[in-house]
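Take a look at the structure set out below.
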Amino acid sequence: MKVLVFGSGGREHALVWAIKRSERITEVVCAPGNGGIAQDARVVPADLKDLNSMVRVAEAERPDLIVIGPELPLSLGVVDALRDRGFRVFGPTREAAMLETSKGFAKRFMQRNNIPTAAYVICSSVQEAEQAVELFHPPIVVKADGLAAGKGVVLCPSRHTAVETAQGMLSGALLEVAEKQVVIEECLAGEEISLLCLTDGKHVVPLAPAQDHKRVGEGDTGPNTGGMGAYSCDDLLEPAMQEWILHHIAEPTVRGMAEEDTPFTGVLYCGLMMTARGPQVLEFNVRFGDPETQAILARLESDLVELIEAAVDRRLAEIAPRWSPGASVCVVASSSGYPGTFRSGFPIGGLSAAVKVPGVQVFHAGTAINGEQLVTAGGRVLGVTAAATSLDEALARAYQALAEIQFEGIYYRRDIGHRAATRRNA
Ligand code: AMP
Ligand code: GLY
């Protein structure tokens with residue numbers, strides 16, 4: 001089998017690595033990939049903002065299966081375009097992807113289907129926002145409706161700043177595009193969990209639960225990023241709680257989407273807040289999370305290609321993935337300055353020593369090859385990933401590997417997994 005993966009980040013490197021382990025695979029192609037992916041797969045250029053570019057790559061490569069990594073091509077309808085041309089594709093259609101690409105759509109959908117989520121009002125003008133904020137106690141969460149590369153959610157300390165934020169989003173002053181609508185919602189408190197589920201449109205198969213670290217600074221401080229690290233371990237979610245989430249969130253979502261004629265297939269990423277009154281959906285993503293996927297796949301014992309094919313062929317009812325017991329972690333090494341401005345092009349050293357640490361894989365997020373030299377080429381540069389029989393051991397391995405790696409301005413959080421200790425002491 002030949003598999004084509006679209007994307008260029010750490011998530012796609014982990015997908016390529018896991019796909020390559022399958023016995024059935026003869027070739028993995030990644031478009032456009034990055035410096036590290038190029039060592040594990042053939043990389044070909046592609047513009048993920050351009051449907052025609054992706055269709056051309058698929059037609060030139062004729063893969064047996066296509067996996068879409070990021071949300072942008074899904075939002076453009078890459079799955080529809082490729083299926084129309086007869087390709088087998090893993091991922092949701094453009095309409096089904098609205099669970100991620102329109103927060104207003106997702107909130108209305110959850111309300112119609114009784115899926116627990118924060119109380120909200122959708123506003124399309126400043127006047128509506130002024131009225132809506134009166135209904136909530138600060139802090140108040142204001143969300144851009146559309147995709148905003150991690151910058152679309154603002155936690156506002158007062159009603160006044162909430163209205164200002166809504167105004168900035170609606171006018172276009174705050175983000176790249178002016179939003180037609182914003183969501184104003186209740187601020188939820190609790191621990192965040194990512195439960196990613198594979199679905200074939202009917203059956204739902206959960207992957208190992210994970211926890212992301214979105215803020216740049218230790219102790220969860222500073223601005224939001226694409227994710228500075230993630231870990232996965234079994235005690236992140238009690239089995240009864242996971243069952244509850246499946247029965248009250250993931251399954252009704254998939255059922256509701258099918259009943260509303262927008263059947264959802266692919267990865268349903270449930271971003272959850274574990275509140276005092278139970279799990280509530282913060283957001284849906286319609287794809288593998290980054291960096292959760294790096295940690296999750298490090299624990300996967302089953303063949304990922306078989307899981308993906310079962311989803312594409314609507315056979316997920318027969319599937320139960322196997323996980324290595326214990327834990328895994330992915331610590332992101334970033335360029336200093338990220339998520340603000342940073343410089344790229346610095347040589348990266350120490351990787352061969354890093355991967356000698358037992359259980360360690362280094363997934364590349366923002367790297368490129370300049371001549372013979374691997375160099376930094378993004379805010380998030382590497383995802384140093386380790387699996388072990390316990391979270392403490394996985395963390396020790398990842399940080400031991402990180403100590404071997406050098407590039408100018410390397411920054412990483414030293415407290416990935418800190419909430420696990422708090423949970424243990426609770
Ligand atoms: P998103 O950009 O949709 O991935 O959301 C980013 C982050 O905003 C989430 O991971 C949460 O940490 C936070 N967030 C979103 N909605 C809420 C909410 N209602 N209450 C508290 N935090 C939230
Ligand atoms: N880790 C969060 C995301 O992939 O959106």
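Everything numeric in this text was worked out from a predicted model, so none of it was measured. Note that ligands are numbered from 1 as they come in the structure, with each ligand's atoms numbered from 1 the same way.
Per-residue contacts place K103 under 4.0 angstrom from the following atoms of ligand 1 (heavy atoms of the residue considered): 3 (O). Of all atoms in ligand 1, listed by their number and element, those nearer than 4.0 Å to a heavy atom of V141 are 18 (C), 19 (N), 20 (N).
Residue, atom and distance of the protein heavy atom nearest to atom 23 (C) of ligand 1 are L282 CD2, 3.7 Å. Nearest to atom 7 (C) of ligand 1 among the protein's heavy atoms is K214 CD, 4.2 Å. If you check which protein heavy atom lies closest to atom 16 (N) of ligand 1, you get K143 NZ, 3.0 Å. With hydrogens left out, the protein atom closest to atom 9 (C) of ligand 1 is E192 OE1, 3.7 Å, a heavy atom. Looking only at heavy atoms of the protein, atom 1 (P) of ligand 1 is closest to E283 OE1, 3.3 Å. At the shortest separation from atom 8 (O) of ligand 1 among protein heavy atoms lies V153 CG1, 3.4 Å. For atom 22 (N) of ligand 1, the nearest protein heavy atom (residue, atom name, distance) is M273 CE, 4.1 Å. Atom 19 (N) of ligand 1 has its closest protein heavy atom at E185 OE2, 2.7 Å.
Using a 3.5 Å distance cut-off with no hydrogens or angles, the side chains of Y412 and S334 do not pair a donor with an acceptor. Between the side chains of Q361 and W17, at least one donor N or O lies within less than 3.5 Å of an accepting N or O. Judged purely by distance below 3.5 Å, without hydrogens or angles, the side chains of E260 and N113 pair a donor atom with an acceptor atom. Side-chain contact, H248 with N114: no donor N or O sits under 3.5 Å from an acceptor N or O. At a cut-off of 3.5 Å, with distance as the only test, a side-chain donor of D40 or H13 sits close to an acceptor on the other residue. No side-chain donor-acceptor contact under 3.5 Å links E292 and Y231.
Under the 4.0 Å criterion applied to side-chain N and carboxylate O atoms, R277 and E186 are assigned as salt-bridge partners. Ion pair R88/D313 flagged as a salt bridge, since at least one NZ, NE, NH1 or NH2 atom sits closer than 4.0 Å to an Asp/Glu carboxylate oxygen. Between R397 and E393 there is a salt bridge, with a side-chain nitrogen of the basic residue lying less than 4.0 Å from a carboxylate oxygen of the acidic one. Between K151 and E176 no salt bridge is recorded (no basic side-chain N to carboxylate O distance below 4.0 Å). E185 and K143 are joined by a salt bridge, as a carboxylate oxygen and a charged side-chain nitrogen come within less than 4.0 angstrom of each other.
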I'd like a table of the close N/O pairs between ligand 2 and the protein (anything under 3.5 Å), one pair per line with both atom names and the distance.
residue	atom	partner	partner atom	Å
ligand 2	1 (N)	D212	OD2	2.8
ligand 2	1 (N)	D290	O	2.9
ligand 2	1 (N)	E292	OE1	2.7
ligand 2	1 (N)	E292	OE2	3.3
ligand 2	4 (O)	R287	NH1	3.0
ligand 2	4 (O)	D290	N	3.0
ligand 2	5 (O)	N285	ND2	3.3
ligand 2	5 (O)	R287	NH2	2.9

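Between the side chain of N285 and the backbone N or O of Y269 there is no donor-acceptor pair closer than 3.5 Å.
On a distance-only criterion, L188 and ligand 1 share at least one N/O pair closer than 3.5 Å.
Contacts between E186 and ligand 1, counted as non-hydrogen atom pairs separated by less than 4.0 Å, involve the backbone only.
Within the structure, the closest approach of G271 to ligand 1 does not fall below 4.0 Å when heavy atoms are considered.
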